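Worksheet: one structure, shown below.
The structure presented is a predicted model; accordingly, all values stated were derived computationally and were not measured.
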Amino acid sequence: MKFGIRKFSINKRFSARTSIRRKAVHGLGIKMPRGWGWLRSPKRFIYNKIYRILTVDLAKLLKF
């Protein structure tokens, strides 16, 4: 688990936006309702919940 400031990756951001799986899921309309991510992947939900608490976004730090 990481602590501190998040470092974004251009490559990961680009691949996430252009993935075939994302296009298929969004194109077919098989999306989960907002807030129901715990049902689809509970392990990922718990990890992300802890990650958001322990890390800080660089943009928020610079905004004041």
Side-chain angles (χ1 to χ4, degrees):
M1 187 65 61
K2 289 186 170 197
F3 294 94
I5 299 173
R6 296 180 204 144
K7 288 185 266 179
F8 71 92
S9 169
I10 300 285
N11 292 338
K12 285 183 183 180
R13 187 174 182 172
F14 179 75
S15 64
R17 302 299 290 171
T18 58
S19 74
I20 295 170
R21 182 176 177 206
R22 181 178 186 276
K23 295 290 182 189
V25 168
H26 283 255
L28 296 173
I30 312 172
K31 294 184 286 187
M32 294 290 281
R34 257 188 213 281
W36 284 59
W38 58 270
L39 185 62
R40 186 173 194 169
S41 180
K43 190 175 177 182
R44 183 188 298 174
F45 174 78
I46 293 168
Y47 175 87
N48 287 337
K49 196 80 162 171
I50 295 168
Y51 180 80
R52 282 189 215 111
I53 292 169
L54 296 178
T55 59
V56 180
D57 190 13
L58 183 62
K60 286 185 180 180
L61 284 178
L62 298 176
K63 264 189 176 176
F64 297 104

Take atom CG of Leu39 as the centre, draw a 6.0 Å sphere, and report whether it contains more than 12 heavy atoms from other residues, nucleotides or ligands.
->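 It does: Leu39 CG has more than 12 such atoms within range.
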
Interatomic distance, Ser41 atom OG to Trp36 atom CH2 [nearest 0.5 angstrom] =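 The distance works out to 15.5 Å.
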
Hey, what do you get for CZ (Arg17) to NZ (Lys23), rounding to the nearest 0.5 Å?
->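 With rounding to 0.5 Å, CZ (Arg17) is 7.5 Å from NZ (Lys23).
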
Using side chain to side chain contact (heavy atoms under 4.5 Å, CB included) as the criterion, point out the one residue from Ile53, Thr55, Leu54 that pairs with Tyr51.
->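 That would be Thr55.
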
